[in-house]
> 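Sharing a structure, written as structure tokens. Questions coming.
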Amino acid sequence: MDSGTPGELVQLLTPEGERVHHPDYDIDVSAEELQSIYRDLALVRRIDLEATALQRQGELGLWASLLGQEAAQVGSGRALHPDDYAFPTYREHGVAFTRDVDPLQLLALFRGVSNGGWDPNEKNFALYTIVIGNQCLHAVGYAMGMTFDRRRAHADSTDAVIAYFGDGASSQGDVNEAFIFAASFDAPVVFFCQNNQWAISEPLEKQTKIPLYRRAAGFGFPGVRVDGNDVLAVLAVTRKHLADARAGLGPSLIEAFTYRMGAHTTSDDPTRYRLASDLENWKLKDPIERVRAYLWRQGLADQAYFDGVEAEAETLAVRLREGCRSMPDPSPDSMFTGTYAEPYPLVDAERAEFAHYLESFAAPAEGGH
Amino acid sequence: MDSGTPGELVQLLTPEGERVHHPDYDIDVSAEELQSIYRDLALVRRIDLEATALQRQGELGLWASLLGQEAAQVGSGRALHPDDYAFPTYREHGVAFTRDVDPLQLLALFRGVSNGGWDPNEKNFALYTIVIGNQCLHAVGYAMGMTFDRRRAHADSTDAVIAYFGDGASSQGDVNEAFIFAASFDAPVVFFCQNNQWAISEPLEKQTKIPLYRRAAGFGFPGVRVDGNDVLAVLAVTRKHLADARAGLGPSLIEAFTYRMGAHTTSDDPTRYRLASDLENWKLKDPIERVRAYLWRQGLADQAYFDGVEAEAETLAVRLREGCRSMPDPSPDSMFTGTYAEPYPLVDAERAEFAHYLESFAAPAEGGH
Amino acid sequence: MADATTPKGPEKVTLARALNMGLRRAMEDDDHVVLLGEDIGKLGGVFRITDALQKDFGEDRVIDTPLAESGIVGTAVGLAMRGYRPVVEIQFDGFVYPAFDQIVSQVAKMHARSRGDLAMPMVIRIPFGGGIGAVEHHSESPEAYFAHTAGLRVVTPSNPVDGYWMIQQAIRCADPVVFLEPKRRYWEKAELDVTAAPAPLFEARVVRPGRDLTLACYGPMVRTCLDAAAAAAAEGREIEVIDLRTLSPLDFDAVCASVERTGRLVVAHEATTFLGMGAELAARVTERCFYSLQAPVLRVGGFHTPYPPSRLEEHYLPDLDRVLDAVDRALEY
Amino acid sequence: MADATTPKGPEKVTLARALNMGLRRAMEDDDHVVLLGEDIGKLGGVFRITDALQKDFGEDRVIDTPLAESGIVGTAVGLAMRGYRPVVEIQFDGFVYPAFDQIVSQVAKMHARSRGDLAMPMVIRIPFGGGIGAVEHHSESPEAYFAHTAGLRVVTPSNPVDGYWMIQQAIRCADPVVFLEPKRRYWEKAELDVTAAPAPLFEARVVRPGRDLTLACYGPMVRTCLDAAAAAAAEGREIEVIDLRTLSPLDFDAVCASVERTGRLVVAHEATTFLGMGAELAARVTERCFYSLQAPVLRVGGFHTPYPPSRLEEHYLPDLDRVLDAVDRALEY
Ligand SMILES: Cc1ncc(C[n+]2csc(CCOP(=O)(O)OP(=O)(O)O)c2C)c(N)n1
Ligand SMILES: Cc1ncc(C[n+]2csc(CCOP(=O)(O)OP(=O)(O)O)c2C)c(N)n1
Ligand SMILES: [Mg+2]
Ligand SMILES: [Mg+2]
């Protein structure tokens, strides 16, 4: 497999925490911003660890860990403006965090309390999409709508959309059709592929023999590969491509080169299909460690700062544990209320019948549930 | 729209009938072969004209004309070996001709007598596929099977597959998934896109803003654009890419740049969406005229030869007209026999009931059909 | 071809024209209504249902898309999220299946998934059914796939007047509506009064009263069933014909009210009977009217075979005689 | 984890293991049997149904594909044309829809289109149904979509013994078979004698005799219905339970024979009742057994809503009590 030439990878912060520069993508980050980025990364990782633990304790049915992908998600999520819109897969907990979605709502989904959780149009963050690739078309449609709105308002520029998907998803018809529609309509959308090297047990080579970012050229728009474990590079590259989208330059594709450090989900057993040594290599490229090293060595944050973040993470963890454990189950009645926006006789009848049926158990009677 | 640089188009015979040379693709064609090519082109055009006429006379429900695409089809079809396998759309009458499919069987389909017509495995020519793009995946699967067979036989090389599709089809998920599977499995398949500039009323720009052959690079395999009205170039390019496929080099994409000179089908009215002047330009690039000019000017064929082909075409036309008009309708019973290969009680019962029902009309009774 | 203004007085129009007029009026009434599909712009669609709309409303509201049905429906989902009311045209019934995933997994489920935060006011127009002498995949009756899918609504007009009103009502509906257009009836005419008050969208209609037997049908079969009822009347049998109009929800109240009176029900459709709409009607009506039914509910429909080559379609499609054959059998009980 | 040889004597195995053994034996018997799917190689599938098969049969026979279901089924069509017998794994029920077009327009219709020249001996394996506490799209019951599609066959084993034989029979069938695996029963065990003679694939089976009422079910609901019948027996009601096993064709003869004796029929499934298998059974059985039925056919099934979040699934899935409730109602007529 052609894994791309080294120069292809945009990097601004090396795994060792050295700041490097790039001719096309650069960024000025203040100490405060960098601290805030570090905080996001640390909190997001903590959310993920807590969720994994809650799943082990039986509090969640499943969890899809983002371990290792924090920078790709926080970097790209932070590049968004409030009015931009993000379309996630099921693993974008870090992006959710940057969109101000309460992590408890993510837990609610994986606990089986809800199939959604937040109001998408309040957060400008679509619901998690589990069917691989579907959301990329929604993203393009949404972006087309932004263009129509802009033209109606005779405005110069517009907001933008970001569509998340995985390396495995790049093989789905929907994702490729999304590329086609986006190109055809010059939609202001950034396709953000987190290439974490695996689609469950299948390595990247099953999906493609050339670097994924090059797919874009075949559809007539730019593609770029960024070090997905480098939050600064991800931030810079995403900002730039969002800006291009806003300016009417149409879609582009960002491939964030990263690694899924955990199992696919808590149901998965990666020892069946991959080598521990790969993981060891990627550990050296940890997305958080390098920011910490940089902050520390440049004197941009002191121990008190790191301790503060740690304490905040602890508080958050407690809130998540308690919030998760005390989360009430939805009422059976709620099954019936969401299906249609307008009255639908059969559902109304089933609802009434089922309420009646449940009551028959509540009544003091022989037999029972 | 970026319509490609002039040098991108492989051409071996100019519209004026001049033989030109190309560094990567060349070909040696004997006078006999060229005569035979001319004959194919002429007969295929005649088939098409007859079919269009038969549709106007009410003998066919519909006809999808290949007018203008004779060279793309005859050139690529003639590049196939007998054991190669071709997967057509609904317009590949010229390819069908090179696969020795009786044109009457094409007429049977458009007459509504059959949904298929020939035995695909006898002709190594799949049935016409109407759902846009579906056949590209079949082609890849078939090619994968060839690879498996080759490896089982410990053979060095294999046969190859050609998958036909249109410029509009290039937007379908299935076609792009076919690219992905073909690349992933190094399938010996040549994707042959007849870019006739139109998908019914939609111009190429709706589907893509860059030349279609470049799509291939995004998936990691070679793509080339050939003058689709130049039968020699099409033959040379297709031969070369089939040879590569046979040799284990995996898939490739050929974009045959051509023009749909007629309506999309006999149901279509192109005056609603395109200019007559475009047609005039493309008439100058007629795929048959240039071969005739070359044969004539080089003294490779004389008037007697052309007259002979004309006479053959006339004989064929008579056979088609008569064959089409006298084609019997299938029996109602045949509706029931093809659905399943093994017995299926409900269909058997419906078959018996319907036969009984039909008999009730045959019997001398009051009322009637 | 079409004029740009909605005519005011009653006028004889075809179903195709009525749909075109209804779309136009819906677009005038709400500027967030946008149309998406293949060849719906300059061409006006292969059946001309969107004739002249792009010229009058522009390319941002009548959108020729790339050739990919999943793409069309998937982007329509995004447009709906952005506040538009997309009306999608699928060129022929047999080409809706590439979009099946988006329809079943996204369009149908989005409202429930978001617990009502996101509505999906989308209309998916599909010319459906056979009888026009077409090649394969152009004569399918996919209604049961959609009606079985919770979260969707499915309606079908049988005549120009319903076509005009129902398309507007479907567009105004907050839920996704699969709108099936009986393509072999596109060219049939009726007088259309655009100032009249329309019937509710989700109700069936008795189109011919009768007391001996109820004949339920929809879309392209309504004409056939009315003809059958007329023929039966000549022989003294009074058949009540119900145009179901809505397949999801199904108007069981209307059908049951009729069956309570007639005691007999025949359901006719083009789709394969096995798990077709007739199955659900038979099951539910038998449950609700068990003691009123004097005969089992009989079904007339397509066979359990793919739609045949067009030279055989007259045998595949239930015609007047096959409907009457079932009526006779039901009356014999 | 699994051993490489098919064990010879009776052994207690899970449904998951029985399917694995059946696949192995089919692959041994016919070297043109190939498996395609996502994660079916090293991982052995997310449910381990293909465990160790790639190791033993190689990557050309157990094929991990790119992540695209239309691609999987579409290439399987080509492989079938080339003489292979592809067995496709769809990872979960909710992910079959991207392949719906290839299944409905190509797999189901190829034999008819070619008038028998091309058979489509393909098996499409789908773990289906709910009850495992999964997230959205992992608990669907899509059987009616496939059973309504002429050209397909649909079967579902309810237990390990059927799992072992039916998968082999499905693979030998010359027609395409949608093979639905009741995923919440994957871990239930039964004694499997691999030397016994299997029952025919396309026949239902009476799994518990009884004379008061017939209870028809399939796949995951068979266990539930047997439990319900046992509970009813304790109260003196003799329920005959029929495991349908095949949904297309449906074995009406078996169901009608039972109903002729019992006079009552309840059908239970997880899928939405509206146009679910119960609708077809109710319609056809009522037609055939009109004078024997003492009560309308009652259906117990999923509601007309998307499958709910898993914390509610115990309410959505018909359980013993809901089945008995319907039984009681049917007996009250
Ligand atoms: C259409 C569809 N097919 C299969 C699945 C099952 N599935 C869930 S995640 C996954 C792998 C996805 O890989 P990738 O796109 O790389 O994303 P990642 O999980 O690595 O973040 C698969 C096959 C699915 N959710 N949807
Ligand atoms: C899935 C699907 N959608 C729509 C159609 C209707 N349709 C038939 S041909 C056609 C245009 C095809 O254009 P192109 O691929 O360029 O092939 P051409 O007809 O130009 O040869 C369309 C939209 C179809 N057959 N299948
Ligand atoms: Mg991945
Ligand atoms: Mg074209």
Side-chain angles (χ1 to χ4, degrees), chain A residues 61-62 64 90 108-116 128 130-134 166-175 199-202 206-208 264-265 267-270 272-274 327 329-332 334-340 344 346-347 350-351 354 357-358 360-361 367-369, chain D residues 1 37-48 51 63-72 74 91-92 94-95 97-99 101 132-139 231 235 272-274 301-316 319-322 324-326 328:
Chain A
L62 185 82
Y90 41 81
L109 190 154
F110 287 96
R111 187 177 168 87
V113 160
S114 166
N115 284 332
Y128 273 8
I130 290 175
V131 182
I132 299 291
N134 280 177
D167 45 297
S170 69
S171 294
Q172 277 287 3
D174 270 15
V175 174
I200 309 187
S201 74
E202 298 195 7
K206 269 286 155 204
Q207 323 288 343
T208 179
H264 170 68
T265 65
S267 297
D268 181 36
D269 174 11
R272 292 179 72 104
Y273 56 79
R274 70 182 189 185
M327 211 175 273
D329 281 354
S331 77
S334 69
M335 280 195 294
F336 301 99
T337 50
T339 306
Y340 292 95
Y344 188 101
L346 177 60
V347 176
E350 287 177 344
R351 182 184 182 187
F354 193 64
Y357 167 80
L358 285 184
S360 73
F361 294 98
H369 204 45
Chain D
M1 290 191 72
E38 295 159 6
D39 306 294
I40 66 170
K42 280 189 184 162
L43 187 62
V46 295
F47 290 109
R48 308 293 184 267
D51 189 35
I63 306 163
D64 269 338
T65 65
L67 206 176
E69 286 75 10
S70 189
I72 297 173
Q91 199 161 79
F92 281 92
F95 310 139
Y97 306 125
D101 177 45
I132 64 161
V135 293
E136 204 187 352
H137 310 290
H138 292 68
S139 306
E235 299 182 19
T272 293
T273 51
F274 191 86
F303 303 114
H304 200 68
T305 71
Y307 198 86
S310 63
R311 291 268 163 168
L312 288 174
E313 68 183 341
E314 62 167 319
H315 292 292
Y316 185 89
D319 61 3
L320 184 146
D321 287 316
R322 267 176 64 208
L324 286 181
D325 178 66
D328 288 346

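Hydrogens, waters and symmetry mates play no part in the numbers below; they use all other heavy atoms, side chains included. Just so it is clear, the model here is predicted, and its values are computed rather than measured. In what follows, chains are A, B, ... by sequence order, proteins preceding strands, each numbered from 1.
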> In the structure I gave you, are the side-chain heavy atoms of A:Gln207 and D:Leu67 within less than 4.5 Å of one another anywhere?
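Result yes, sub-4.5 Å side-chain heavy-atom pair found.
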
> Can you say whether A:Ser331 sits under 4.5 Å from chain D via the side chain, the backbone, both, or neither, judging by heavy atoms?
backbone

> Does A:Asp329 reach the side chain of D:Leu312, with side-chain heavy atoms less than 4.5 Å apart?
no

> Let me confirm one number: the OG1-CZ distance from D:Thr305 to A:Phe354, rounded to the nearest 0.5 Å.
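It is 10.5 Å, given to the nearest 0.5 Å.
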
> Examine whether an atom of A:Tyr340 lies under 4.5 Å from a heavy atom of chain D, and if so say whether it belongs to the side chain, the backbone or both; otherwise answer neither.
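A:Tyr340 touches chain D through side-chain heavy atoms alone.
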
> So do the side chains of D:Pro309 and A:Val113 get within less than 4.5 Å of each other, counting heavy atoms only?
no

> For residues A:Tyr90 and D:Glu136, determine if any side-chain heavy atom of one lies less than 4.5 Å from a side-chain heavy atom of the other.
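No, too far: nothing below the 4.5 Å cut-off.
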
> Measuring heavy-atom distances to chain A, does D:Glu38 have an atom under 4.5 Å in its side chain, in its backbone, in both, or in neither?
both

> Sort out for me which of A:Lys206, A:Arg351, A:His264, A:Gln172 touches chain D most, counting heavy-atom pairs under 4.5 Å.
A:Gln172

> Taking the side chain as C-beta and beyond, is there a heavy-atom pair between D:Phe274 and A:Leu346 under 4.5 Å?
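Yes, their side chains come closer than 4.5 Å.
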
> Quick one: side-chain contact (heavy atoms from CB on, under 4.5 Å) partners of D:Ser310, sequence neighbours excluded?
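Result, side-chain contact (heavy atoms from CB on, under 4.5 Å) vs D:Ser310: D:Glu313.
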
> At a 4.5 Å cut-off on heavy atoms, which part of A:Ala108 comes close to chain D: side chain, backbone, both, or neither?
neither

> Could you tell me which of A:Gly168, A:Gly133, A:Gly61 has the largest number of non-hydrogen atom pairs under 4.5 Å with chain D?
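It is A:Gly168.
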
> Does any heavy atom of chain D fall under 4.5 Å from the side chain of A:Asp167, the backbone, both, or neither of them?
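It is neither, since no heavy atom gets under 4.5 Å.
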
> Taking all non-hydrogen atoms of both residues, which atom of A:Asn115 and which atom of D:Tyr307 are closest, and how far apart?
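Shortest heavy-atom separation between A:Asn115 and D:Tyr307 comes out as ND2-O, 3.7 Å.
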
> Which atom pair, heavy atoms only, marks the closest approach of D:Gly37 to A:Glu202?
O-OE2, 3.8 Å

> Only counting residues at least two apart or in another chain, list the ones meeting side-chain hydrogen bond (donor to acceptor under 3.5 Å, both in side chains) with D:Gln91.
D:Asp39

> Does any non-hydrogen side-chain atom of A:Asp174 lie less than 4.5 Å from one of D:Pro98?
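They are not in contact (no side-chain heavy atoms under 4.5 Å apart), so the answer is no.
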
> Restricting to non-hydrogen atoms, name the atom on A:Ser171 and the atom on D:Pro66 that form the minimum distance, rounded to 0.1 Å.
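Closest approach of A:Ser171 to D:Pro66, heavy atoms only: OG-CB, 3.7 Å.
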
> With a 4.5 angstrom heavy-atom cut-off, is it the side chain or the backbone of A:Ile132 that approaches chain D, or both, or neither?
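Answer is side chain: those atoms of A:Ile132 sit under 4.5 Å from chain D.
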
> In terms of heavy-atom proximity below 4.5 Å to chain A, should D:Asp325 be classed as side chain, backbone, both, or neither?
side chain

> Would you call the rings of A:Tyr344 and D:His304 parallel, tilted or perpendicular, where under 30° means parallel and over 60° means perpendicular?
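A:Tyr344 and D:His304: parallel rings.
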
> Taking every non-hydrogen pair under 4.5 Å, which of A:Leu62, A:Val347, A:Val131 racks up the most with chain D?
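Most pairs with chain D among the choices: A:Val131.
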
> If I compare all heavy atoms of D:Leu43 with all of A:Asp269, which pair ends up nearest, and what's the gap?
CD1-O, 4.2 Å

> If you define the side chain from C-beta out and look only at heavy atoms, does anything of D:Val135 sit under 4.5 Å from A:Arg111?
no

